[in-house]
Amino acid sequence: MENTKANNFLQTIIADDIKDGIVKEVVTRFPPEPNGFLHVGHAKAICLNFGLAETYGGRCNLRFDDTNPEKESQEYIDSIQEDVRWLGYQWSGDVLFASTYFDQFFAWAIYLVEAGNAYVCDLSAQQAREYRGTLTEVGKNSPYRNRSIEDNLGLLEAMKAGEFADGEKVLRAKIDMASPNMNMRDPILYRIRKLPHHQTGSDWVIYPTYDFAHGQEDAIEGITHSICTLEFEDHRPLYDWFHQHLPIGNKPNQYEFGRLHLNYTVTSKRKLKQLVDQGFVSGWNDPRMPTLAGLRRRGYTARAIRKFCDMIGVTRSDGIVDVAMLEHAIRDDLNENAPRAMCVLNPLKVVLTNYPEGQVEELMVPAHPNREQMGERLVPFSGELFIDAEDFREQANKKFKRLVIGKRVRLRNAYVIEADEVVWDDAGKICEVRARIIEDTLGRDPADGVKAKGVIQWVSADRGERAQVRVYDRLFTDEAPDRGDKNFLDYLNPNALRTIEEAMIEPSLTEALPEQNFQFERIGYFVADRYDHSAAAPVFNMTIGLRDTWNS
RNA sequence: UGGGGUGUCGCCAAGCGGCAAGGCACUGGGUUUUGAUCCCAGCAUUCGUAGGUUCGAAUCCUGCCACCCCAGCCA
């Protein structure tokens, strides 16, 4: 795996810890909650955590932070593992689950109660909010704050035994209701949730909160550097508080970095789920989605996504990355690695009047213009072919470097032709162009010195194949669809998907395997759909268009 | 308004007291059977702002301003 990027502040911290002998082996973790599919923002965290472990010869765990059964499911557990592997990472040992530690967490809860550091509180959610105070006013102590240790112990066991209803009681840490840090105002450790859990079934009716679980999970696993996003910075004092007040040997340290924001994109599991649930996209893996499953189906390679993460860096400032950077990463990768092929999206028939009827030439052409080692392919040439309707005009100015009546154009990898006349159908629409081949222009310029203006792609009408091509555009029309009080759904791009049923592809493309990437020359990069493509019914998804500096 | 953060080119980002890397985007020019790629050139006398310290500051100090996060029994 490539670790090209220069140092970020976390590498500096880790390098120092190693140098100072504070850690012998770096252990990180990627801790998703299984309540949605992974998106490009998670890719940043994955590359960071796994990358750091890799760079310093340590290891990285994949741990599901499954402390809230309400929104979690097996579907997400499966997809997350698949996506992490697809990105190219292997976690240390088995997949881990926070729920595996529930017994230990409970024992620690009892420890805190016995030490007088936690209590059972009967305040309702509403009352608790009132007692908590506000950003500028201190909170008030709960009337239940000074229950005896014996009472608390009995109540906690009763909570665990299911003797109370959801919301009736919680376990809280006894810290400081006047703390300017809201997280320290007697945070909740356990809440009652009479719900089956995907891992522990009906074993528990009380579940630990994120705060009471995360740092302890890290400690149990021997995590040395617990890396999370900026919004958890205020939780760090609490993260440390548990380590100080619990009989824990290993004390991990939490570090925060800026979450990835991409323009023209939403990266919030809640919003992505909404797009799926309300049918705005076909699923979590819809090629328009910024999910890893969606990007994959769109034709993004894992290598390009890793490169992208490398390019954007890791800092504590939170900016908005231009989606053009992501697009550059995939273009760069595919330009290098995708074999070329020809496809006509909007077929217009061209009849070559001086080409021997019925003749077919099998042209051997390179798979890549600058990489001989990628081999060659056979492309049949015949007297009737299709070019893109946009590549022909009856007349045009000099800027138009394609086919024009009376002018010449190079057919990519084949002959130069000159257009003679247009044939219209009954509706007055151009249905055919009649043209002539310029003799002896295979691999050389016309002998008369009149060069072709440009180059266009084509497909043999007899030997080409039909294909469905899905052309994608960004999902949102607004650069920041969810900023401020805007409703992101108001900015959905109605043209984010355009399905072309009758595109024509060169025959070699029927051999494409699902997920194989190509460059359709002069158009863009495409991938054979992971699920819907077959030789009998080819389906290609546009990954990204070629860079286009031509303005007309 | 209390607490915690962040402010270096349109965007991302190096820099950690010695005279502003790099990438993306953009703009010129060259090569080209992809208006692609590739190549070459240009692109912050200035580092949120106002002062101070210093021979010297983006880097140290002070004030101010802007933006982000926190009042879930979500993570």
Side-chain angles (χ1 to χ4, degrees), chain A residues 5-8 31-33 35 65 67-68 70-71 121 123-125 128-130 132-139 166-172 178-185 187-193 206-207 209-211 213-214 228-237 256 258 263 269-270 310-329 331-332 335-336 340 342 365 368-370 399-402 409-416 441-445 451-457 519-524 545-552:
Chain A
K5 181 65 184 183
N7 288 11
N8 59 49
E33 184 190 15
N35 65 348
D65 211 359
T67 57
N68 182 4
E70 201 176 349
K71 300 178 294 181
C121 180
L123 251 28
S124 68
R129 192 175 312 128
E130 288 159 8
R132 190 152 37 228
T134 69
L135 296 178
T136 53
E137 301 164 64
V138 300
D166 284 18
E168 203 175 327
K169 285 181 166 47
V170 294
L171 180 72
R172 296 228 247 168
S179 172
N181 181 344
M182 300 297 285
N183 295 119
M184 301 300 272
R185 319 247 262 225
I188 288 165
L189 274 34
Y190 268 102
R191 68 298 210 180
I192 301 170
R193 275 272 193 297
I206 60 173
Y207 292 95
T209 55
Y210 165 85
D211 285 311
H214 208 92
C228 61
T229 43
L230 254 22
E231 65 269 29
F232 291 100
E233 185 155 24
D234 287 344
H235 293 246
R236 194 168 64 217
E256 310 83 20
N263 60 11
K269 276 196 260 187
R270 199 206 103 230
D310 209 52
M311 281 196 300
I312 60 176
V314 177
T315 67
R316 284 176 61 82
S317 63
D318 61 15
I320 299 168
V321 173
D322 193 336
V323 72
M325 280 214 223
L326 214 210
E327 297 175 344
H328 172 265
R331 281 198 187 101
D332 199 39
N335 173 54
E336 185 75 4
R340 315 283 122 130
M342 291 193 287
V365 314
H368 189 113
N370 329 309
K399 303 269 286 184
F400 189 77
K401 307 200 305 188
R402 312 178 197 179
V409 80
R410 161 73 67 180
L411 293 177
R412 175 66 169 160
N413 294 129
Y415 299 94
V416 170
T441 50
L442 219 43
R444 69 185 61 151
D445 285 331
K451 292 188 180 179
K453 292 278 283 242
V455 183
I456 64 174
Q457 81 277 19
Q519 182 197 100
F520 287 175
E521 288 188 290
R522 299 212 316 126
I523 308 174
L546 248 30
R547 188 159 164 273
D548 184 6
T549 51
W550 187 62
N551 305 300
S552 67

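Note on naming: letters A, B, ... go to the chains in the order of the sequence lines (proteins, then strands), and numbering restarts at 1 for each one.
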*Given rG35(B), rA75(B), rU34(B), the nucleotide with the shortest approach to the side chain of Arg402(A)*: rG35(B)
*Charged N to carboxylate O under 4.0 angstrom, Arg236(A) versus Glu256(A)?*
yes
*asked:* What is the separation between atom CZ on Arg185(A) and atom P on rA71(B), rounded to the nearest whole Å?
replied: 11 Å
*asked:* Looking at Thr315(A), I'd like to know whether one of its side-chain N or O atoms comes within less than 4.0 Å of OP1 or OP2 on rA13(B).
replied: yes
*Describe the nucleic acid contact of Asn413(A) in one word from base, sugar-phosphate, nothing, applying a heavy-atom distance below 4.0 Å.*
base
_Looking at Arg547(A), I'd like to know whether one of its side-chain N or O atoms comes within less than 4.0 Å of OP1 or OP2 on rC26(B)._
yes
*Which part of the nucleic acid, if any, lies within reach of Leu326(A) when heavy atoms closer than 4.0 Å are counted: base, sugar-phosphate only, or nothing?*
nothing
_Asp234(A) (side chain) and rG3(B) (base): donor-acceptor pair under 3.5 Å_ = yes
*Rounded to whole angstrom units, what separation is found between the CZ atom of Arg193(A) and the C1' atom of rC74(B)?*
9 Å
*Hunt down the Watson-Crick or G-U wobble partner of rG63(B), both distances under 3.5 Å, from any strand shown, or write none.*
rU49(B)
*Scan Val455(A) against the nucleic acid and name what it touches under 4.0 Å (heavy atoms): base, sugar-phosphate only, or nothing.*
sugar-phosphate
*Rounded interatomic separation in angstrom, taking CD from Glu130(A) and P from rC73(B)*: 13 Å
_Please pick, from rC70(B), rC73(B), rA75(B), the nucleotide with the shortest atom-to-atom distance to any side-chain atom of Phe232(A)._
rA75(B)
*Base, sugar-phosphate alone, or nothing: which one does Pro369(A) contact when heavy atoms must sit under 4.0 Å apart?*
base
*Return the value, rounded to whole Å, for the distance between atom CE of Met182(A) and atom C1' of rC73(B).*
15 Å
*Have a look at rG63(B) and give me syn or anti from its glycosidic angle (syn if within 90° of zero).*
anti
*Mind telling me whether His235(A) and Tyr210(A) have parallel, tilted or perpendicular rings, with 30° and 60° as the class edges?*
perpendicular
*Reckon Thr549(A) has a side-chain N or O less than 4.0 Å from the OP1 or OP2 of rA36(B)?*
yes
*Which is true for Ala452(A) with a 4.0 Å heavy-atom rule: it touches a base, it touches only sugar-phosphate, or it touches nothing?*
nothing
*What is the pairing partner of rG2(B), taking Watson-Crick or G-U wobble pairs with both distances under 3.5 Å in any strand?*
rC70(B)
*Write down the distance between CD (Glu233(A)) and C1' (rU6(B)), rounded to a whole number of angstrom.*
10 Å
*Could you check how far NE2 of His214(A) sits from C1' of rA75(B), rounded to whole Å?*
9 Å
*In whole angstrom, give the distance that lies between atom CD of Gln519(A) and atom P of rU37(B).*
10 Å
_Can you tell me if Arg522(A) touches the phosphate of rA36(B), counting only side-chain N or O atoms and a distance under 4.0 Å to OP1 or OP2?_
no
*Complementary nucleotide of rC19(B), counting Watson-Crick and G-U pairs under 3.5 Å*: none
*asked:* Any strand counts, and the cut-off is 3.5 Å on both contacts for Watson-Crick or G-U wobble. Which nucleotide pairs with rA25(B)?
replied: none
*Is any N or O donor-acceptor pair between the side chain of Arg340(A) and the base of rU34(B) shorter than 3.5 Å?*
yes
_Atom pair distance, as rounded to whole Å: CG in Asp445(A) and C1' in rU32(B)_ = 12 Å
*When we call it a touch if two heavy atoms are under 4.0 Å apart, what does Gly258(A) touch: a base, just sugar-phosphate, or nothing?*
nothing
*With sugar-phosphate meaning primed atoms plus P, OP1 and OP2, does Gly454(A) contact a base, only sugar-phosphate, or nothing at under 4.0 Å between heavy atoms?*
nothing
*asked:* Is there a side-chain contact between Arg410(A) and the phosphate of rU32(B), meaning an N or O under 4.0 Å from OP1 or OP2?
replied: no
_Step-by-step salt bridge (charged side-chain N to carboxylate O under 4.0 Å, His left out) determination, Glu233(A) to Arg316(A)_ = CA-CA 11 Å; Glu233(A) 185 155 24; Arg316(A) 284 176 61 82; 2.5 Å; yes
*Reckon Arg132(A) has a side-chain N or O less than 4.0 Å from the OP1 or OP2 of rC73(B)?*
yes
*asked:* Under 3.5 Å for both donor-acceptor distances, Watson-Crick or wobble: does rG35(B) have a partner, and if so which one?
replied: none
*Are OP1 or OP2 of rU37(B) and a side-chain N or O of Arg331(A) less than 4.0 angstrom apart?*
no
_Sugar-phosphate only, base, or nothing, as touched by Ile206(A) at under 4.0 Å among non-hydrogen atoms_ = nothing
*asked:* Check this one for me: any side-chain N or O of Arg191(A) less than 4.0 Å away from OP1 or OP2 of rA75(B)?
replied: yes
*Report yes if at least one side-chain N or O of Ser317(A) is closer than 4.0 Å to OP1 or OP2 of rC68(B); otherwise report no.*
no
